Amino acid sequence: MIRARVVVASNRASAGVYADTSGPLLVAGLRDLGCAVDDPVVVPDGDPVGAALRAAVADGVDVVLTSGGTGINPSDRTPEVTRALLDHEVPGIAEAIRAHSRDKVPAAALSRGLAGVIGRTLVVNLPGSTGGARDGLAVLGPILTHAVDQLRGGDH
């Protein structure tokens, strides 16, 4: 079984200004894909995202989906924090997510989300919107099992 974690990067949701909606949607989508996943971890953007990623890797999680912090707002820091931890990027995943979204939401081209690997954990940055979460799941659904199998040492 694939072990997954959802990390929501939101300064306002982590402060209780509003309830996050993308995290629960991602959890439900991952469960629908057969993953074992707990409730979302909601943290402020920036260094707390890095701490949450390191904790997931230490816990042996196979897949981490982050939600939020991928735009061009000065407070959006998720890609920078993620990139600093990655052993290598998997740019095709991030490109596919942007391409999937771009025709419906032209602003999807502004997402700076990354995808890559830390150790044996796949990390994918998604936009913080529910639409971005759905689009991310649509792209990841067909490839997630194969990606995790590869990270576990499976054959091509």
Side-chain angles (χ1 to χ4, degrees), residues 1-14 18-46 48-50 52-53 55-57 61-73 75-118 120-151:
M1 176 171 283
I2 295 173
R3 294 183 56 219
R5 186 167 295 166
V6 173
V7 176
V8 176
S10 172
N11 295 331
R12 291 178 289 170
S14 66
Y18 62 77
D20 168 65
T21 55
S22 64
L25 191 150
L26 289 170
V27 166
L30 286 166
R31 287 179 181 156
D32 287 347
L33 292 172
C35 298
V37 57
D38 293 330
D39 289 338
V41 176
V42 181
V43 298
D45 202 353
V49 173
L53 292 175
V57 171
V61 172
D62 298 302
V63 177
V64 179
L65 301 184
T66 70
S67 174
T70 63
I72 59 173
N73 184 293
S75 67
D76 290 332
R77 304 287 306 147
T78 298
E80 288 76 18
V81 171
T82 301
R83 181 174 278 124
L85 298 173
L86 293 178
D87 294 321
H88 55 273
E89 290 189 38
V90 185
I93 294 174
E95 292 164 5
I97 292 167
R98 280 188 283 276
H100 183 84
S101 304
R102 197 174 41 239
D103 289 340
K104 297 177 287 188
V105 181
L110 298 175
S111 173
R112 300 178 306 113
L114 303 174
V117 176
I118 306 171
R120 291 185 179 261
T121 301
L122 176 65
V123 178
V124 180
N125 299 153
L126 299 173
S129 66
T130 56
R134 284 186 191 94
D135 289 347
L137 289 167
V139 169
L140 291 169
I143 64 171
L144 198 58
T145 299
H146 183 67
V148 170
D149 182 60
Q150 291 291 293
L151 288 170

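All figures in this text were calculated on a predicted structure; none of them were measured in a lab.
Counting heavy atoms from C-beta on, the side chains of Val148 and Leu122 never come closer than 4.5 Å. The side-chain heavy atoms of Pro24 and Pro40, taken from C-beta on, include a pair separated by under 4.5 Å. Counting heavy atoms from C-beta on, the side chains of Leu26 and Val8 never come closer than 4.5 Å. Counting only heavy atoms from C-beta outward, the side chains of Ser14 and Val43 never approach each other to under 4.5 Å. Contact of the Leu53 side chain with the Thr66 side chain is registered, since non-hydrogen atoms from C-beta on lie closer than 4.5 Å. Considering only heavy atoms from C-beta on, Ile97 comes within 4.5 Å of Val124 through its side chain. A 4.5 Å side-chain heavy-atom check between Thr121 and Arg5 finds every atom pair outside the cut-off.
Annotation for Pro127 and Ser111: closest pair CG-OG, 4.1 Å, computed over non-hydrogen atoms. Minimum interatomic distance between Thr130 and Thr21 (heavy atoms only, all atoms of both residues): CG2-OG1, 3.4 Å. Here the closest heavy-atom approach between residue Met1 and residue Asp62 is recorded as O-OD2, 3.8 Å. Counting all heavy atoms, side chain and backbone alike, Ala109 lies closest to Arg102 at CB-CD, 4.4 Å. Closest approach of Pro79 to Gly69, counting heavy atoms only: CD-O, 3.1 Å.
More than 12 heavy atoms of other shown residues, nucleotides or ligands fall within 6.0 angstrom of atom CZ in Arg31. Enclosure of atom CG in Asp38 is not indicated, since only 12 or fewer non-hydrogen atoms of other residues, nucleotides or ligands lie within 6.0 angstrom.
Judged by distance alone, with hydrogens and angles left aside, the side-chain atoms of Arg77 form no donor-acceptor pair with the main-chain N or O of Asp45 at under 3.5 Å. Judged by distance alone, with hydrogens and angles left aside, the side-chain atoms of Arg83 form no donor-acceptor pair with the main-chain N or O of Glu89 at under 3.5 Å.
Only one option out of Leu85, Val123, Leu86, Leu151 pairs with Val117 in a side chain to side chain contact (heavy atoms under 4.5 Å, CB included); it is Leu151. Results of the side chain to side chain contact (heavy atoms under 4.5 Å, CB included) test with Leu30 over Leu140, Leu144, Leu25 single out Leu144 as the only residue that passes. Exactly one of Thr70, Thr78, Thr82 qualifies for a side chain to side chain donor-acceptor pair (under 3.5 Å) with Asn125. That residue is Thr82.
We find the CG-CD1 distance between Leu110 and Ile72 to be 5.0 Å, quoted to the nearest 0.5 Å. Between the CG atom of Asn73 and the CZ atom of Arg112 there is a distance of 9.5 Å, given to the nearest 0.5 Å.
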